[in-house]
Peer 1: 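Please find one structure pasted underneath; my questions will follow.
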Amino acid sequence: MVASQIHLVRHGEVFNPRRVLYGRLPGFGLSDLGHEMARSAAADLVERRRTISALYASPLQRTQESAQPISQAFELPIITDPRIIEPTNRFEGLNMRGRSSALKNPRTWPWLRNPTIPSWGEPYASIRTRMLSAMSDAYNSVESGDVVLVSHQLPIWTTHLAIAGKPLFHDPRRRRCELSSITSFERIGNRWVETGYADPAADLAENATDVGAV
């Protein structure tokens, strides 16, 4: 037997007063609002009355913290999977908005030479490969029930695009992957099919100051 559904959950809001692109940098945990968002995602999963058999999370602090309410609600250990981590990004630690935006610095322009790969970080194709591999292993890791993977916006959206058969290159401002959102998939035959998207923290997001990609 295998899992029934795979749920990709994005982490909650990050405490980021300097408004930098944090990527894989250490020390970026959830804000108080982010913790509340994470609890909303866990509550949504509970309300579905589905059996959750396993819980995986990216190794970064914000995803580990976002997985905690799910762990508590379903009495599951958090299994760390480095394959569902945030992609690498040359702009880590830099501000991407306003007058001091790294995008206005000529020294960073060579990083932007090919946005279709993208040239500033891990290729979309690489993200797709590792995410689908993690999903497949998670799918086969249980005898029944669902599996939750707590990850990040870009990996989740890249997975959505790949499974939908769409180009991986996209406008980051158009990603449908809000904070603490849940994107669900099922395996039909030899292919993945997206079965749902939920945004349980939508009301809370109105007060968020850090929403990730712009």
Side-chain angles (χ1 to χ4, degrees), residues 1-11 14 21-26 28 41 52-64 66-67 70 78-92 110-142 145-198 212-213:
M1 299 292 290
V2 290
S4 297
Q5 291 188 349
I6 298 291
H7 306 286
L8 300 186
V9 178
R10 187 186 172 193
H11 61 79
V14 172
L21 192 153
Y22 35 78
R24 294 186 178 183
L25 294 175
F28 284 88
I52 305 297
S53 300
L55 171 62
Y56 294 81
S58 152
L60 296 179
Q61 181 179 344
R62 58 188 180 274
T63 38
Q64 292 284 319
S66 295
I70 303 172
I78 300 171
I79 305 169
T80 299
D81 190 334
R83 291 175 295 180
I84 60 176
I85 197 173
E86 184 83 272
T88 55
N89 193 310
R90 290 189 174 190
F91 290 100
E92 281 183 0
W111 302 349
L112 303 169
R113 65 185 181 278
N114 191 344
T116 64
I117 296 177
S119 50
W120 58 79
E122 181 183 3
Y124 294 129
S126 171
I127 301 170
R128 173 192 60 199
T129 298
R130 61 180 172 83
M131 286 295 293
L132 292 177
S133 173
M135 286 175 63
S136 293
D137 286 350
Y139 176 75
N140 290 303
S141 71
V142 298
D146 297 356
V147 181
V148 174
L149 283 71
V150 184
S151 186
H152 308 265
Q153 186 188 62
L154 179 51
I156 295 173
W157 187 242
T158 300
T159 302
H160 158 80
L161 294 174
I163 290 174
K166 297 179 180 180
L168 301 184
F169 170 59
H170 62 278
D171 182 344
R173 296 169 297 181
R174 296 182 180 274
R175 293 174 188 159
R176 184 218 58 191
C177 186
E178 303 302 323
L179 293 165
S180 291
S181 61
I182 305 170
T183 309
S184 302
F185 302 88
E186 290 182 1
R187 189 87 175 175
I188 299 178
N190 293 320
R191 57 190 289 265
W192 289 105
V193 175
E194 186 170 322
T195 57
Y197 173 80

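Numbers for residues simply follow the sequence, beginning at 1.
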Peer 1: Using 30° and 60° as the class limits, which term best fits the ring planes of F169 and Y124: parallel, tilted or perpendicular?
Peer 2: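 Judged by the thresholds at 30° and 60°, the geometry between F169 and Y124 is tilted.
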
Peer 1: Which heavy atom in S151 sits nearest to a heavy atom in I84, and how many Å separate them?
Peer 2: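 Minimum heavy-atom separation between S151 and I84: OG-O, 2.7 Å.
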
Peer 1: Working to the nearest 0.5 Å, report the span between CE of M135 and CG of L149.
Peer 2: 7.5 Å

Peer 1: Of the options R130, R83, R90, which is the one that meets E122 in a salt bridge (charged side-chain N to carboxylate O under 4.0 Å, His left out)?
Peer 2: R130

Peer 1: Any donor and acceptor pair, going by atom type alone, linking the side chain of R187 with main-chain N or O of N190 inside 3.5 Å?
Peer 2: yes

Peer 1: Between the side chain of S136 and the main-chain N/O of L132, is any donor-acceptor distance below 3.5 Å?
Peer 2: yes

Peer 1: How long is the gap from CD on Q61 to OH on Y22, to the nearest 0.5 Å?
Peer 2: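 The distance works out to 11.5 Å.
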
Peer 1: Treating E92 as the side-chain partner and R24 as the backbone partner, does any N or O pair qualify as donor plus acceptor under 3.5 Å?
Peer 2: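 Pair found, side chain donor or acceptor close to backbone of R24.
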
Peer 1: Say you draw a straight line from CG of N89 to CH2 of W120; how long is it, rounded to the nearest 0.5 Å?
Peer 2: 8.0 Å

Peer 1: State, to 0.1 Å, how close F28 and V14 come at their nearest heavy-atom pair, and which atoms those are.
Peer 2: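 Minimum heavy-atom contact is CB-CG1, 3.8 Å.
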
Peer 1: Out of curiosity, Q153 CD to E178 CD, how far, rounded to the nearest 0.5 Å?
Peer 2: 7.5 Å

Peer 1: Restricting to non-hydrogen atoms, name the atom on F185 and the atom on T195 that form the minimum distance, rounded to 0.1 Å.
Peer 2: N-OG1, 3.8 Å

Peer 1: Tell me, with the steps shown, if I79 and D81 meet side chain to side chain contact (heavy atoms under 4.5 Å, CB included).
Peer 2: CA-CA 6 Å; I79 305 169; D81 190 334; 5.8 Å; no

Peer 1: Is there a donor in the side chain of S58 and an acceptor in the side chain of E86, or the other way round, less than 3.5 Å apart?
Peer 2: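 No, no side-chain donor-acceptor pair sits under 3.5 Å.
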
Peer 1: What distance do I6 atom CD1 and T183 atom OG1 have between them, rounded to the nearest 0.5 Å?
Peer 2: 12.5 Å

Peer 1: To the closest 0.5 Å, what do you measure between OG (S119) and CZ (R113)?
Peer 2: 5.0 Å

Peer 1: Considering only distance and modelled atom types, tabulate donor-acceptor pairs under 3.5 Å from the side chains of residues 157-167, sequence neighbours left out.
Peer 2:
from: T158; atom 1: OG1; to: L154; atom 2: O; distance (Å): 2.8
from: T159; atom 1: OG1; to: P155; atom 2: O; distance (Å): 2.8
from: H160; atom 1: ND1; to: E194; atom 2: OE1; distance (Å): 2.6

Peer 1: Return the minimal non-hydrogen interatomic distance between H152 and L60, and the atom names on each side.
Peer 2: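 Residues H152 and L60, closest heavy atoms: CE1-CD1, 3.6 Å.
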
Peer 1: Looking only at non-hydrogen atoms, find the nearest pair between P87 and I127 and report the distance.
Peer 2: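 Scanning both residues, the minimum pair turns out to be CG-CD1, 3.4 Å.
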
Peer 1: How far apart are the closest heavy atoms of T63 and A57, and which atoms are they?
Peer 2: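 That closest heavy-atom pairing would be O-CB, 4.0 Å.
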
